Amino acid sequence: MGNGSAPLTADRDGRPKAGRSIWVEPRERRLSPQKGGGRFDSESKRFARDRRCTMSKKQNHEEELHALRHSAAHVMAQAVMEMFPGEAKIAIGPPIEDGFYYDFDLPRALTPEDLETIEARMREIVAGHHAFTRREVSADEARTMFAEQEYKLELIDGLEAGGEDEYGEPLEGEVEISVYEHDAFVDLCRGPHVGSTDEINPAAFKLLSVAGAYWRGDESRPMLQRIYGTVWESADDLEQYLWKLEEAQKRDHRRLGKELDLFSVSDEIGSGLILWHPKGGMVRKLAEDFCHAEHEKGGYDFVYSPHIGKAHLWQKSGHLDWYAENMYAPLDIEGQQYYLKPMNCPFHIEIYKSRTRSYRDLPLRYAEWGTVYRYERSGVLHGLLRVRGFTQDDAHLFCRPDQMPEEIDRVLQFSLNILRAFGFEDIHSYLSTRHPEKAAGSPESWEAPTEALREALERAEIPYQIDEGEATFYGPKIDLKVKDALGREWQLSTIQFDFNLPERFDLAYVGEDGKEHRPYMIHRALLGSMERFMGTLIEHHAGAFPLWLAPVQAVLIPIADRHHDYVHAVAESLKAEGLRVEVDERSDRMNAKIRDAQMQKVPYMLVVGDREIEAGAVAVRLRSGEDLGPMPVEDLVARMRLEIEAHA
RNA sequence: GCCGACGUAGCUCAAAGGCAGAGCGACCGCCUUGUAAGCGGUAGGUUACGGGUUCGAGCCCCGUCGUCGGCUCCA
């Protein structure tokens with residue numbers, strides 16, 4: 001892919017956007033779905049403000065949960081303030097997806113034991129039947145009330161100036177300053193809250209973790225301590241949520257990567273650099289083989305490019321101006337400086353420029369599984385999802401303006417087909433439009449491509465959100481996100497226009513009129529980075545890959561040593577059919593072999609004993625635990641073939 | 001990068017400043033097994049790395065590297 005690094009390095013949660021967002025087809029979840037974390041985004045704040053308008057039952061329920069969580073945050077803040085009388089400074093404490101947090105400035109670091117103490121005190125407070133009461137105050141009155149609370153004073157200043165809310169975002173309309181009070185605690189707060197602490201079920205909340213967080217999200221400002229908690233209407237709901245967290249942990253690709261022997265990261269090599277083991281390598285190869293075939297059918301040309309290029313190239317492309325901090329230090333080769341590539345685009349552009357291009361040559365679609373290296377700060381590395389070296393399924397499309405709408409349609413459709421082939425059905429998208437100040441090219445030049453992207457989304461009939469002014473400076477883009485089996489959102493594909501590089505490299509084609517014209521250039525990555533995609537795939541399937549992707553499709557399990565010859569013969573015939581099978585001829589009992597195959601999430605377990613040999617069959621057990629009984633080998637092959645072709 | 005927690009056998013984890021352990025896995029042997037773990041034995045360690053305090057450090061202190069949870073970043 002191209003200039004746009006964001007999609008490949010973006011967090012998997014939808015974080016708040018600075019620009020305005022418009023939902024074209026509103027989806028049920030507007031908050032970050034990330035477990036335990038995430039943030040209250042501008043969308044849901046607006047939602048809270050607009051609560052007077054008609055709402056569905058579901059929205060109503062959401063609002064009640066927000067109030068409940070917000071109220072629990074206040075109760076927690078009271079408990080913490082009591083723990084550090086006169087010393088605790090409170091910042092903000094909003095509800096978030098699945099819970100709430102509150103930020104504190106405290107004289108010492110909190111420990112896990114502190115959380116238990118705080119939680120216990122919260123239960124006492126909740127049992128006290130305290131009403132939450134709202135009161136409007138003047139700015140000066142508020143300053144008196146919070147004279148010792150420097151963070152609150154800053155918030156009051158922001159509110160009084162009418163400029164911004166507690167998240168530092170612009171406020172609309174008249175600003176009223178309100179405080180909410182319960183028991184011995186009063187907080188500067190817009191609300192809403194529940195009526196009384198009675199509504200907070202003492203068996204339905206739990207404090208989860210404590211973590212550092214910058215005041216107002218600004219790394220030049222003080223680091224506060226943030227306590228995350230969760231609260232629900234009932235103990236059952238809490239239980240269910242905690243179960244979901246546990247389930248997510250079991251699916252963690254880092255854990256499964258180890259358990260299933262898929263990949264590793266070695267301290268000897270370095271952080272964020274992935275070693276693919278044979279099994280993980282097989283899954284990746286199968287995924288890539290499939291994509292290669294699709295690209296070939298899809299009219300792409302395959303290109304290959306080196307891992308380093310001269311400084312001059314990166315000056316020309318502009319990467320050294322605007323991307324240098326993500327690039328590694330140059331290598332000195334015979335007095336010339338070379339850089340490891342953070343992106344593939346300049347190389348593909350050089351291929352384009354290697355000869356004169358005619359309008360008849362277009363569109364050109366150059367595809368490469370190109371490995372790039374980007375410096376990421378140590379704290380952001382995360383398994384396969386955020387790494388320092390990764391392979392993009394990258395392509396650059398060069399086309400004439402008249403071809404552009406069709407090309408967009410085509411690439412979007414192509415992308416959706418591939419994602420669906422991997423079992424991702426729940427796909428939605430984000431269209432980022434021109435930033436009013438930071439943008440290459442004229443506003444007019446953005447119109448046709450932006451419209452083409454939007455129309456392509458309409459035709460593809462997938463829900464999309466318009467992120468106004470959120471595009472990178474060089475062109476509008478579409479990002480696709482998928483939801484996995486647990487409802488978590490992952491960003492994979494990106495399709496980005498580029499008005500910048502064609503200019504910088506003076507790209508041209510000779511038109512029918514014999515004159516030179518500037519082609520459109522589109523960067524696109526579908527699975528994004530193979531590393532991130534594999535991480536997503538592992539978590540989506542919880543390591544139980546569909547048959548076509550399973551590194552080992554079947555394990556043959558002889559019951560006793562005398563069955564080995566037959567089992568090997570069956571294994572050979574299955575291998576001859578192109579199936580990936582292993583024979584477990586350890587001296588363990590059959591039960592142990594089944595258990596091991598089960599834990600390795602092998603789709604088919606083929607048990608062979610005297611009876612099977614007699615019948616010329618294998619006894620088939622599925623990963624689901626289902627026992628299909630004895631089956632002739634030909635029938636098994638036919639069954640597996642069907643399953644493979646269906647990508648089931 | 002920042003705040004906090006953590007780093008012990010291949011893996012998961014024990015070990016109040018006083019002999020470094022268990023289970024699983026690996027290896028060897030016995031058993032020859034019928035749908036989620038048979039039995040016995042053996043090997044396996046510079047307790048991440050470097051320094052310090054102490055009669056004595058896995059444990060306390062300092063530094064480095066790494067991992068985890070967040071924040072920031074990923075125009």
Side-chain angles (χ1 to χ4, degrees), chain A residues 3-13 15 18-19 34-39 101 103 105-106 108-112 114 208-228 249 252 254-255 258-259 261 264-272 321-323 325-326 342 374-383 385-386 432 435 437-439 469-474 491 557-564 585-600 605-612 619-623 625-630:
Chain A
N3 281 350
S5 65
L8 294 179
T9 51
D11 276 354
R12 67 186 209 220
D13 60 337
R15 40 180 60 250
Q34 194 174 30
K35 53 180 177 185
R39 290 220 302 233
Y101 68 78
D103 286 348
D105 190 348
L106 303 173
R108 66 167 174 85
L110 291 168
T111 65
D114 290 331
L208 297 173
S209 63
V210 57
Y214 298 111
W215 168 235
R216 300 211 132 176
D218 182 342
E219 82 185 299
S220 67
R221 313 207 63 183
M223 173 71 70
L224 308 174
Q225 296 191 65
R226 172 172 301 176
I227 303 176
Y228 283 102
Q249 261 177 28
D252 189 310
R254 293 165 300 185
R255 170 180 175 153
K258 205 176 274 180
E259 287 173 2
D261 198 16
S264 63
V265 185
S266 163
D267 290 357
E268 293 295 310
I269 294 167
S271 300
D321 295 329
W322 57 270
Y323 205 70
E325 62 184 29
N326 288 291
R374 297 179 183 172
Y375 168 68
E376 299 283 359
R377 296 206 276 179
S378 57
V380 308
L381 298 173
H382 183 92
L385 302 181
R386 191 78 180 267
S432 300
H435 191 285
E437 284 120 46
K438 293 187 291 179
E470 280 300 298
T472 47
F473 76 90
Y474 48 80
Q491 166 144 15
I557 299 175
I559 289 177
D561 292 353
R562 64 178 179 279
H563 308 128
H564 282 190
E585 52 183 6
R586 294 173 304 169
S587 64
D588 290 277
R589 285 172 56 204
M590 178 203 67
N591 287 313
K593 295 179 185 180
I594 286 176
R595 181 169 193 271
D596 286 350
Q598 192 79 47
M599 305 249 288
Q600 286 297 304
M605 283 151 262
L606 310 176
V607 178
V608 171
D610 296 334
R611 298 203 295 267
E612 285 72 26
V620 180
R621 181 197 162 99
L622 302 181
R623 183 164 57 187
E626 194 182 349
D627 186 352
L628 299 182

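Everything quoted here is computed from the prediction, not taken from an experiment. Every chain is numbered from 1 and lettered A, B, ... according to where its sequence line falls, protein lines coming before strand lines.
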Asker: Could you tell me whether a side-chain N or O of A:Gln225 sits under 3.5 Å from a main-chain N or O of A:Asp105, the two making a donor and an acceptor?
Answerer: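 It does not hold such a pair.
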
Asker: Identify the nucleotide, in any strand shown, that forms a Watson-Crick or G-U wobble pair with B:C19, with both distances under 3.5 Å; if there is none, say none.
Answerer: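 WC or wobble partner does not exist here.
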
Asker: Indicate, with a heavy-atom threshold strictly under 4.0 Å, whether A:Lys593 touches base, sugar-phosphate, or nothing.
Answerer: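 The answer is nothing, as A:Lys593 stays clear of every strand by at least 4.0 Å.
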
Asker: What's the closest nucleotide to the side chain of A:Asp610 if the choices are B:C68, B:U35, B:G34?
Answerer: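 Looking only at side-chain atoms, A:Asp610 lies closest to B:G34.
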
Asker: What's the closest nucleotide to the A:Arg621 side chain, out of B:G38, B:G34, B:A36?
Answerer: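 Within the option list, the nearest is B:A36.
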
Asker: If you check every side-chain atom of A:Asn591, which of B:A37, B:C31, B:U67 has the closest atom?
Answerer: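 Out of B:A37, B:C31, B:U67, the nucleotide with an atom closest to A:Asn591's side chain is B:A37.
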
Asker: Using whole Å, report how far CG of A:Asp261 lies from C1' of B:G10.
Answerer: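 Distance, rounded to whole Å: 11 Å.
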
Asker: Grab the two heavy atoms, one from A:Ile594 and one from A:Arg621, that are nearest each other, plus how far apart they are.
Answerer: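 Nearest pair, atom of A:Ile594 first, then A:Arg621: CG2-NE, 3.7 Å.
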
Asker: Quick one: is B:U33 close enough that its OP1 or OP2 comes under 4.0 Å of any side-chain N or O from A:Arg589?
Answerer: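 Checking A:Arg589 against B:U33: no side-chain N or O falls below 4.0 Å of OP1 or OP2.
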
Asker: Considering every strand shown, what is the Watson-Crick or G-U wobble mate of B:C68 when both distances are under 3.5 Å?
Answerer: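 Base partner found: B:G4.
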
Asker: With RNA chain B as reference, determine whether A:Val210 or A:Arg611 sits nearer its 5' end, using the nearest nucleotide of each.
Answerer: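 Nearest-nucleotide comparison on RNA chain B picks A:Arg611.
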
Asker: How far does the C1' atom of B:C31 sit from the matching atom of B:G41, given to the nearest Å?
Answerer: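 Result for the C1' pair: 15 Å, nearest Å.
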
Asker: Considering just the side-chain nitrogens and oxygens of A:Arg586, establish if one lies under 4.0 Å of OP1 or OP2 belonging to B:G38.
Answerer: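 Checking B:G38 against A:Arg586, no side-chain N or O comes under 4.0 Å of OP1 or OP2.
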
Asker: Using a 4.0 Å heavy-atom cut-off across all strands, classify A:Ala619 as base, sugar-phosphate, or nothing.
Answerer: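 Answer is base: heavy atoms of A:Ala619 come under 4.0 Å of a base.
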
Asker: Write down the partner of B:A26 under the Watson-Crick or G-U wobble criteria, each distance required to be under 3.5 Å.
Answerer: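 B:A26 is paired with B:U42.
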
Asker: Is the phosphate of B:G10, meaning OP1 or OP2, less than 4.0 Å from a side-chain N or O of A:Lys258?
Answerer: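 For B:G10, OP1/OP2 do not have a side-chain N/O of A:Lys258 under 4.0 Å.
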
Asker: Any strand counts, and the cut-off is 3.5 Å on both contacts for Watson-Crick or G-U wobble. Which nucleotide pairs with B:A57?
Answerer: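 Checking every strand shown, B:A57 finds no partner, since no pair has both distances under 3.5 Å.
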
Asker: Given the P atoms of B:G7 and B:C62, what is the spacing between them in whole Å?
Answerer: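 Taking atom P in both B:G7 and B:C62, they lie 16 Å apart.
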
Asker: Please measure how far the P atom in B:U67 lies from the corresponding atom in B:U8, and state the result in whole Å.
Answerer: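 The answer is 14 Å between these two P atoms.
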
Asker: Could you tell me how far B:A5 sits from B:A75 if I compare only their P atoms? Round to whole Å.
Answerer: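 The same atom, P, in both gives a distance of 32 Å.
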
Asker: Do A:Arg221 and B:C71 have a side chain to base donor-acceptor pair shorter than 3.5 Å?
Answerer: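 Between B:C71 and A:Arg221, which were checked side chain against base, a qualifying N/O pair under 3.5 Å is absent.
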
Asker: Tell me what A:Gln600 touches on the nucleic acid: a base, only sugar-phosphate, or nothing, going by heavy atoms under 4.0 Å.
Answerer: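 Counting heavy atoms under 4.0 Å across all strands, no contact is made by A:Gln600.
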
Asker: Does A:Arg562 place a side-chain N or O at less than 4.0 Å from the phosphate oxygens OP1/OP2 of B:U33?
Answerer: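 Affirmative; the distance criterion is met.
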
Asker: Take atom CD1 of A:Ile557 and atom P of B:A37, then tell me their distance rounded to the nearest Å.
Answerer: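 Checked: the CD1 to P distance equals 12 Å.
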
Asker: Tell me what A:Ser587 touches on the nucleic acid: a base, only sugar-phosphate, or nothing, going by heavy atoms under 4.0 Å.
Answerer: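 Touches a base.
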
Asker: Looking at A:Asp218 and A:Arg216, does any basic side-chain N land under 4.0 Å from a carboxylate oxygen?
Answerer: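 Result for this pair is no, no salt bridge flagged.
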
Asker: Please state whether the phosphate of B:U33, meaning OP1 or OP2, lies under 4.0 angstrom from any side-chain nitrogen or oxygen of A:His563.
Answerer: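 So the side-chain polar atoms of A:His563 never come under 4.0 Å of the phosphate oxygens OP1 or OP2 of B:U33.
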
Asker: Can you measure from CG (A:Asn326) to CZ (A:Arg377) and round to the nearest 0.5 angstrom?
Answerer: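 One finds 10.0 Å between CG of A:Asn326 and CZ of A:Arg377.
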
Asker: Given B:G4, is OP1 or OP2 found less than 4.0 Å from the side-chain N or O atoms of A:Tyr228?
Answerer: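 Checking A:Tyr228 against B:G4: no side-chain N or O falls below 4.0 Å of OP1 or OP2.
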
Asker: Hey, which of these two, A:Asp596 or A:Arg623, hits RNA chain B nearer its 5' end, going by closest nucleotide?
Answerer: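 The 5'-side residue here is A:Asp596.
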
Asker: Give me, pair by pair, the N or O atoms of the protein and of nucleotides 1-3 of chain B that are less than 3.5 Å apart, along with how far apart they are.
Answerer:
from	atom 1	to	atom 2	distance (Å)
B:G1	OP2	A:Ser378	N	3.4
B:G1	OP2	A:Ser378	OG	2.0
B:G1	N7	A:Gly379	N	3.2
B:G1	N2	A:Tyr214	OH	2.4
B:C2	O4'	A:Tyr214	OH	3.4
B:C3	O2	A:Gly212	N	3.3

Asker: On a whole-Å scale, what distance lies between the P atoms belonging to B:U33 and B:G38?
Answerer: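 So the two P atoms sit 15 Å from each other.
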
Asker: Taking the C1' atom of each, how far is B:G25 from B:C11, in whole Å?
Answerer: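 One C1' to the other, the span is 7 Å.
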
Asker: Can you measure A:Met605 atom CE to B:U35 atom C1' for me and round it to whole angstrom units?
Answerer: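 Nearest whole value for this atom pair: 9 Å.
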
Asker: Go ahead and name the base partner of B:U33; Watson-Crick or wobble counts if both distances stay under 3.5 Å, otherwise write none.
Answerer: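 For B:U33, the partner nucleotide comes out as none, under the 3.5 Å rule.
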
Asker: In terms of relative ring orientation, are A:Tyr101 and A:Tyr228 parallel, tilted or perpendicular, with 30° and 60° separating the classes?
Answerer: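 Correct class here is perpendicular.
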
Asker: Between B:G34 atom P and A:Ile594 atom CD1, what is the distance in whole Å?
Answerer: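 Nearest whole value for this atom pair: 11 Å.
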
Asker: Please list all pairs meeting side-chain hydrogen bond (donor to acceptor under 3.5 Å, both in side chains) that have one or both residues in residues 587-597 of chain A, counting only residues at least two apart or in different chains.
Answerer: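 Every pair satisfying side-chain hydrogen bond (donor to acceptor under 3.5 Å, both in side chains) with a residue in residues 587-597 of chain A: A:Arg586-A:Asp596.
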
Asker: Counting only side-chain N and O atoms of A:Ser271, is one of them less than 4.0 Å from OP1 or OP2 of B:U67?
Answerer: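 For B:U67, OP1 or OP2 has a side-chain N or O of A:Ser271 closer than 4.0 Å.
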
Asker: Between A:Trp215 (CH2) and B:U72 (P), how many Å, whole number?
Answerer: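 The distance from CH2 of A:Trp215 to P of B:U72 comes to 13 Å, rounded to the nearest Å.
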
Asker: Rounded to whole angstroms, how far apart are CD1 on A:Ile559 and P on B:U35?
Answerer: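 The answer, rounded to whole Å, is 8 Å.
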
Asker: Work out how far the C1' atom of B:C27 is from that of B:G51, and round it to whole angstrom.
Answerer: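 The same atom, C1', in both gives a distance of 39 Å.
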
Asker: Can you tell me, in whole Å, how much space there is between the P of B:C19 and that of B:U64?
Answerer: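 Comparing P positions in B:C19 and B:U64 gives a spacing of 32 Å.
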
